[in-house]
Asker: 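Here you go, one structure.
Since this is a predicted model, take the numbers as computed values, not measurements.
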Amino acid sequence: MVLLKIITKSSVISKSLPFSYFGKLFTEAAHLKREQPLFIFYKNRIYIDPRFTIFAVMTHINSVKPLLIVVTGPTASGKTLVSSEIAQHFCTEIISADSRQLFREMEIGTAIPDSDLLSKVKHHFIHSHSINDYYNASRFEEEVIQKLHELYSKVDIVVLTGGSMLYIDAVCNGIDDLPPIDLEIRNNLIARFEKEGIESLRFELKKLDPDYYHEADLQNHKRLLHALEICLQTGKPYSSFRTHTRKQRPFGIIKIGLSASREILYDRINRRVDDMVNAGLENEARRLYPYRRNNALNTVGYREWFDYFDGFSSYDETIEKIKSNTRRYARKQLTWFRRDGEVKWFDLSETGQIIPYIETRLKILWKNHHHLY
RNA sequence: GGUGCCAUAGCUCAGUAGGUAGAGCAACGGACUGAAAAUCCGUGUGUCCCCGGUUCGAUUCCUGGUGGCACCA
């Protein structure tokens, strides 16, 4: 809801109005007894009759939560195009939730939107960081929440799109606050793991945090390393930082998922990998080869080339491996989606229904507040 | 046309000295709170080419087909 105040030579008009939500023409003029409307709302912008002298137009958003439209789906399901259409329809901007498109050094292999789309809609968190930066889901949460705060002062709808589910969860539900870890503690633990093996980590965790020891995946060294880092850094068990609660967000969330049959999805993946190869993926990987130890480059579409450069696989095997690993990645994403009951799914053949669906949801959301005024 | 070899999972192939089978890859499922395109865990999906024969029992041995490969014509 928007409080609109228009100050003219002769009068001050104050009106509470719904935001320009449906993308339809919205007029508000009857009370002026004019034949022509004084101003119209259209797609988040206010257009004023030029024959009228306006001294000031002030608006502010009031009471109704702004909205985050989350567009997700497995890799190569067409998120980029759909989210761009949604953003254009609602005259807003896109935040990318993609843990690899963040990095400006990686372009072809991460399938960032093309320059045409980037010029039509403002995108955030694409090529915003360097592969030399230390990055993680918590940082993403912090930076996106900050960015949303900024954006919601201008618009009341923002689109979040991507397939990095942990990152999306971090924005929608939050993740627990943890202290930063000294590099020395981290490196010591890694060295210990490499020298003494995972058994040594289990032994230490059982001592420092028996609670987490019982629920942890004891085969997964990353989980154990992380828990131990926290224990050693703080002197308190890692489990004492785990709240198991969702953070409250000052915005509403609608989740849209894009789906396709396995056959179609796999075909899209295979074709996209071929396109990437034709666009010069091998050269991009060769350029990044010196950085292959960076976590950012522990990524499908790059690590396979590094094996090829090291002589461990043939050219054809490399491309097959990229396709196969991308398919596996998509399956892993699907596993994550199955647990999230909040997602409204649309098949690729019915993407035309997405914007009408969002508009219906908006009507329901905002109608309830209308009675307050 | 002749001779030899081969036919087993979606693919490449093991194997059963006769008791209806198993590896790798692919595929499929799950976990997931500061590396997440990461990391970790689990699952065999089969007319053992076809028709007969021998046998208590044949994917395995035998006859004959069919298909493939190699060599000789």
Asker: Where does the angle between the aromatic ring planes of A:Phe193 and A:His221 fall among parallel (under 30°), tilted (30 to 60°) and perpendicular (over 60°)?
Answerer: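 A:Phe193 vs A:His221 ring planes: parallel.
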Asker: Just the rounded figure in Å: distance from C1' of B:A31 to CZ of A:Arg338.
Answerer: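 Value for this atom pair: 13 Å.
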Asker: Is the glycosidic angle of B:G65 within 90° of 0, making it syn, or outside that range, making it anti?
Answerer: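 Judged by the O4'-C1' to base torsion, B:G65 sits in anti, the angle falling more than 90° away from 0.
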Asker: Side chain of A:His221: nearest nucleotide among B:A36, B:U39, B:G34?
Answerer: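 The listed nucleotide nearest to A:His221's side chain is B:U39.
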Asker: Got more than 12 heavy atoms from elsewhere within 6.0 Å of CD, A:Glu350?
Answerer: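 Enclosed.
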Asker: Given atom CD1 of A:Ile131 and atom C1' of B:A38, what is their separation to the nearest angstrom?
Answerer: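 Atom CD1 in A:Ile131 sits about 16 Å away from atom C1' in B:A38.
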Asker: Reckon A:Asn294 touches a base, only the sugar-phosphate, or nothing at all at heavy-atom distances under 4.0 Å?
Answerer: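 Nothing, no nucleic acid heavy atom in range.
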Asker: What is the separation between atom CD1 on A:Ile269 and atom P on B:A26, rounded to the nearest whole Å?
Answerer: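 Rounded to the whole Å, the gap is 14 Å.
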Asker: Rounding to an integer number of angstrom, what distance separates B:U20 and B:U12 when you compare their P atoms?
Answerer: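 27 Å, rounded to whole Å.
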Asker: Check every strand shown and say whether A:Phe140 touches a base, only sugar-phosphate, or nothing at a heavy-atom separation below 4.0 Å.
Answerer: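 It contacts nothing in the nucleic acid.
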Asker: For atom P, what is the distance between B:U39 and B:G10, given to the nearest Å?
Answerer: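 Approximately 30 Å lies between the P atom of B:U39 and that of B:G10.
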Asker: Under 3.5 Å for both distances, Watson-Crick or G-U wobble, that's the pair rule; now give the dot-bracket for RNA chain B, with | marking pairs to another strand and [ ] for crossing ones.
Answerer: (((((((..((((.....[..)))).(((((.......))))).....((.((..]....)).))))))))).
Asker: What I want to find out is whether A:Glu204 reaches A:Lys207 closely enough, with some N-O distance under 4.0 Å, to be called a salt bridge.
Answerer: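 Counted as a salt bridge, because a side-chain N and a carboxylate O are separated by less than 4.0 Å.
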Asker: On a whole-Å scale, what distance lies between the P atoms belonging to B:C50 and B:C41?
Answerer: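 Rounded to whole Å, the distance is 39 Å.
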Asker: Determine whether a donor-acceptor pair (one donor, one acceptor, N or O, separation below 3.5 Å) exists between the side chain of A:Lys321 and the base of B:A26.
Answerer: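 No, the side chain and the base share no sub-3.5 Å donor-acceptor pair.
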Asker: Tell me if the CZ atom of A:Phe203 is crowded by more than 12 foreign heavy atoms within 6.0 Å.
Answerer: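 Open.
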Asker: Provide, to the nearest angstrom, the distance between the CG atom belonging to A:Leu224 and the C1' atom belonging to B:A38.
Answerer: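 After rounding, the gap between these two atoms is 15 Å.
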Asker: Write down the distance separating the P atoms in B:A14 and B:A31, rounded off to the nearest Å.
Answerer: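 Each nucleotide's P atom is 39 Å from the other's.
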Asker: In whole Å, measure the gap between the P atoms of B:G15 and B:C61 for me.
Answerer: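 Looking at atom P only, B:G15 and B:C61 are 12 Å apart.
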Asker: Checking contacts here: which listed nucleotide (B:G34, B:A27, B:A38) is nearest the side-chain heavy atoms of A:Val300?
Answerer: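 The nucleotide sitting nearest to the side chain is B:A38.
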Asker: Taking the C1' atom in each of B:U66 and B:C13, what is the distance between them to the nearest angstrom?
Answerer: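 Looking at atom C1' only, B:U66 and B:C13 are 23 Å apart.
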Asker: Take the angle between the ring planes of A:Tyr167 and A:Tyr135 and call it parallel below 30°, perpendicular above 60°, tilted in between.
Answerer: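 A:Tyr167 vs A:Tyr135 ring planes: tilted.
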Asker: Expressed as a whole number of Å, how far does the P atom of B:U55 sit from that of B:G65?
Answerer: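 It comes out at 23 Å once rounded to the nearest Å.
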Asker: For a quick check, tell me whether the side chain of A:Arg328 and the base of B:A27 share a donor-acceptor pair closer than 3.5 Å.
Answerer: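 No, the side chain and the base share no sub-3.5 Å donor-acceptor pair.
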Asker: With a 4.0 Å cut-off, would you call A:Asp177 and A:Lys247 a salt bridge?
Answerer: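 Salt bridge flag = yes for A:Lys247 with A:Asp177.
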Asker: Between B:A35, B:G29, B:C41, which nucleotide gets closest to the side-chain atoms of A:Arg262?
Answerer: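 Closest nucleotide to the A:Arg262 side chain: B:G29.
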Asker: Heavy atoms from C-beta onward define the side chain here; which of B:G34, B:G30, B:U33 lies closest to that of A:Thr335?
Answerer: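 Comparing B:G34, B:G30, B:U33 against the side chain of A:Thr335, the answer is B:G30.
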Asker: Is A:Arg303 positioned over the aromatic face of A:Phe306, cation under 6.0 angstrom from the ring centre and no more than 45 degrees off axis?
Answerer: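 Not flagged: A:Arg303 not positioned over aromatic ring of A:Phe306.
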Asker: Quick one: is B:A38 close enough that its OP1 or OP2 comes under 4.0 Å of any side-chain N or O from A:Arg303?
Answerer: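 Answer yes for this pair, as a side-chain N or O of A:Arg303 is under 4.0 Å from OP1 or OP2.
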Asker: Which nucleotide in the set B:G29, B:G34, B:U33 lies at the smallest distance from any side-chain heavy atom of A:His226?
Answerer: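 Among B:G29, B:G34, B:U33, the one nearest the side chain of A:His226 is B:G34.
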Asker: With salt bridge (charged side-chain N to carboxylate O under 4.0 Å, His left out) as the test, would you mind laying out the steps for A:Glu317 and A:Lys321 before giving the verdict?
Answerer: CA-CA 6 Å; A:Glu317 280 166 358; A:Lys321 202 81 192 147; over 6 Å; no
Asker: To the nearest angstrom, how far is A:Leu178 atom CG from B:A35 atom P?
Answerer: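 Rounding to the nearest Å, CG of A:Leu178 and P of B:A35 are 10 Å apart.
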Asker: If I take atom OH in residue A:Tyr167 and atom C1' in nucleotide B:G34, what distance separates them, rounded to the nearest angstrom?
Answerer: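 To the nearest whole Å, that distance equals 9 Å.
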Asker: For A:Ile230, which contact category applies under a 4.0 Å heavy-atom criterion: base, sugar-phosphate, or nothing?
Answerer: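 Nothing, no heavy atom under 4.0 Å.
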Asker: Measure from the side-chain heavy atoms of A:Arg186 and tell me the nearest of B:A36, B:A35, B:A27.
Answerer: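 Looking only at side-chain atoms, A:Arg186 lies closest to B:A35.
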Asker: Looking at A:Phe312, I'd like to know if its CZ atom is crowded, meaning that more than 12 non-hydrogen atoms belonging to other residues, nucleotides or ligands lie closer than 6.0 Å.
Answerer: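 No, because the 6.0 Å sphere around CZ of A:Phe312 holds 12 heavy atoms or fewer from other groups.
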Asker: Please state how far atom CG in A:Asn295 lies from atom C1' in B:G34, giving the value in whole angstrom units.
Answerer: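 Distance, rounded to whole Å: 11 Å.
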Asker: Could you check how far CD1 of A:Ile168 sits from C1' of B:A36, rounded to whole Å?
Answerer: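 In whole Å, B:A36 C1' lies 12 Å from A:Ile168 CD1.
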Asker: For RNA chain B, whose closest nucleotide is more 5', that of A:Gly163 or that of A:Leu334?
Answerer: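 It is A:Leu334 whose nearest nucleotide is closer to the 5' end.
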Asker: Roughly how far apart, to the nearest Å, are B:C51 and B:A58 at atom C1'?
Answerer: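 Between the two C1' atoms, the distance is 14 Å.
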Asker: Of the options B:G34, B:A26, B:C41, whose atoms approach the side-chain atoms of A:Gln219 most closely?
Answerer: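 Output: B:C41.
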